[in-house]
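See structure below.
Atoms within each ligand, like the ligands themselves, are counted from 1 in listed order.
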Amino acid sequence: MQSLAIVGSQWGDEGKGKITDLLGQKCDIVVRFQGGNNAGHTIIVGDKKIVLHLIPSGILHDHCTSVVGHGVVFDPEAFEKELQTVLASGCAVTPEKLKISSNCSIITIYNRLIDGQRENKGPIKIGTTGRGIGPAYEDKISRIGLKLKDLLDKDILKSKLEANMQEKKILFKYLYNIEFPSIQEETDRLFELGKKVAPFITDTFSFLDECIQNNKKILYEGAQGVLLDIDYGSYPFVTSSSTSSGGVYTGAGIPGKNLEEVLGITKAYTTRVGEGPFPTELFDAKGEFIQNKGGEFGATTGRKRRCGWLDLPLLKYTVKASNITSIALTKIDVLAGVENIKICTGYEYGGQTIDCAYPGIDLSKVNPILKDVETFHDDFKSDELTPALQSYIKTIEEFVGIPVGILAYGPERSEIKFVKEYFL
Ligand code: GDP
Ligand code: IMO
Ligand code: MG
């Protein structure tokens, strides 16, 4: 296998960072293709915890080149901070190891302001990360956005910002009634930041094209999850990018045939940060217990993650929507020893029973059908899994029709069992 995409199969935070870091040992290139610093991908190495937001999770391996593709929205200030954190952890970050597309769209300070204002005063509260992600993608699609290469020429930067601000000035002044930095201030800020990013700016399209020609092993690291996808997700409570495997082609910039497998990272239960429907959500002590045991706090914003049972109709849907070929089941240790575990195997919806959450359905109106799961007491010290856990895994595999290829039972690199080999 030469190419694999990792996608979150739920609402994000499934453990993509840990799995990307581990598979990064076996491949040459790790590519981020969408999203921005709304992502928070945690990697634990010994007593060190590193949370990556923009830099791909292959960065800890010296043999691996990390690429930020043009589908990513790039906040140069957030990048600069993250770079310092990664360097402080003792990891080398050189232009040979990290390549950022000259065509990444920029998140400006104005995008961040709009994100914040909409959350406070807008018609719908999404519960965004407040990083300016949606407004930056809007600028891109409206064709008034800035690209990373624009930060290298102050005159171009200023004239693009002027065009970009034409409508926003009115919004800030009359709708939101807030102070905002002048175009000159934002030009100066972005120009200074551009100098720091400059060594890493690359034509990543040509770089990846050459890697593919040379049979390099490439891992595409998704951020968020398929249920947060702008098209496939629980709209409008979604992020603003294509988080499913379809996003790899346009966001990384590779031709369609170059993706062999898709690994869906799936938490053994379900979590969600921010607003939006969540059919299997737990509002009782059990939910709180899982939240505490699983350490379910956002890696980017620190918000509590809502917790609920594993939702198979949603998983069946995301497997189809993202052409997921195998599953990495994570955080199974969090459910070990828990009494009265449930799993959702269908919905009652509009007088019918359905087993796949197709996109048109209103998730706030479904009645989840919950089945009891036998408690498993695995401590993962031996290679053998208890029959109860084997049965939980089999239920998932049979329901969605693809195998569980990886089992993760703790945050550490060593706490993993490979049932299937990747990048052989
Ligand atoms: P990502 O956004 O998908 O990369 O996931 P996050 O890093 O936001 O959240 C996953 C959290 O679970 C992190 O704190 C990880 O260190 C942790 N984690 C990952 N895999 C496992 C696992 O199998 N068991 C446990 N207990 N924690 C895990
Ligand atoms: P990783 O990659 C979980 C959620 C936000 C909000 C919605 C829109 O760590 O899995 P945005 O700031 O993107 O406009 O917010 O999407 N969200 C995430 N939830 N994990 C993430 O990333 C997320 N990135 C965004 O909470 O509900
Ligand atoms: Mg996360």
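Residue Ala299 has no nitrogen or oxygen atom sitting less than 3.5 Å from a nitrogen or oxygen atom of ligand 1, judged on distance alone. For ligand 1, the polar-atom distance check against Gly40 finds a nitrogen or oxygen pair separated by under 3.5 Å. Considering backbone and side-chain N/O atoms, Gly17 comes within less than 3.5 Å of an N/O atom of ligand 1.
By heavy-atom distance, the residue among Gly295, Ala408, Gly410 lying nearest atom 21 (C) of ligand 1 is Gly410. Across Asp333, Thr330, Val7, heavy-atom proximity to atom 26 (N) of ligand 1 is greatest for Asp333.
In this structure, Ser322 contributes its side chain and Ser245 its backbone to a donor-acceptor pair below 3.5 Å. Judged by distance alone, with hydrogens and angles left aside, the side-chain atoms of Ser105 form no donor-acceptor pair with the main-chain N or O of Val73 at under 3.5 Å. In this structure, Ser364 contributes its side chain and Asp362 its backbone to no donor-acceptor pair below 3.5 Å. Not a single donor-acceptor pair under 3.5 Å links the side chain of Ser102 to the backbone N or O of Lys149. When atom types are taken as modelled, the side chain of Asn292 and the backbone of Glu288 share a donor-acceptor pair closer than 3.5 angstrom.
For the pair Lys316 and Phe399, the cation-pi test (distance below 6.0 Å, angle within 45°) is passed.
Under the 30°/60° scheme for interplanar angles, the aromatic rings of Phe380 and Tyr409 are found to lie parallel. Under the 30°/60° scheme for interplanar angles, the aromatic rings of Tyr232 and Tyr317 are found to stand perpendicular.
Under 4.0 angstrom from ligand 1, there are no non-hydrogen atoms of His53. With a 4.0 Å heavy-atom cut-off, ligand 1 is reached by the backbone of Lys331 and by its side chain too.
For Ser326 and Tyr422, the side-chain atoms include at least one donor-acceptor pair closer than 3.5 Å.
Closest to atom 10 (C) of ligand 1 among all protein heavy atoms lies Asp13 O, 3.9 Å. Annotation: atom 1 (P) of ligand 1 to nearest protein heavy atom, Lys16 N, 3.5 Å. Atom 7 (O) of ligand 1 has Thr42 OG1, 2.6 Å as its closest protein atom, hydrogens excluded (heavy atom only). Scanning all protein heavy atoms for the shortest distance to atom 20 (N) of ligand 1 gives Lys18 CD, 3.6 Å.
Note that SG of Cys344 and NZ of Lys342 are 12.0 Å apart. Values are rounded to the nearest 0.5 Å.
Taking a cut-off of 2.8 Å, the protein N, O or S atoms nearer than that to the Mg ion (ligand 3) are Asp13 OD1, Gly40 O.
In this structure, Glu260 does not pair ionically with Lys217, as no charged nitrogen and carboxylate oxygen lie closer than 4.0 Å. Look at Glu275 and Lys125 and you find no salt bridge, because none of the NZ, NE, NH1 or NH2 atoms lies under 4.0 Å from a carboxylate O. The residues Glu77 and Arg189 are annotated as salt-bridged, a charged nitrogen and a carboxylate oxygen being separated by less than 4.0 angstrom. A salt bridge does not link Asp115 with Arg131: none of the charged nitrogens is closer than 4.0 Å to a carboxylate oxygen.
Those atoms of ligand 1 with a heavy atom of Tyr409 less than 4.0 angstrom away are 23 (O), 24 (N). The contact set between ligand 1 and His41, taken as ligand atoms under 4.0 Å from a residue heavy atom, comprises 1 (P), 2 (O), 4 (O), 7 (O).
Contact shell of ligand 2 (protein heavy atoms, cutoff 4.0 Å): Trp11, Gly12, Asp13, Lys16, Asn38, Ala39, Gly40, His41, Ile126, Gly127, Thr128, Thr129, Ala223, Gln224, Leu228, Val238, Thr239, Val273, Gly274, Arg303.
Judged by the shortest distance from any of its heavy atoms, Arg305 lies inside the 4.0 Å radius around the atoms of ligand 1.
The six-membered or imidazole ring of Phe79 lies near that of Phe74, with a centre-to-centre distance under 6.0 Å. Taking the six-membered ring for Trp and the full ring otherwise, the centers of Phe278 and Trp11 sit less than 6.0 Å from each other.
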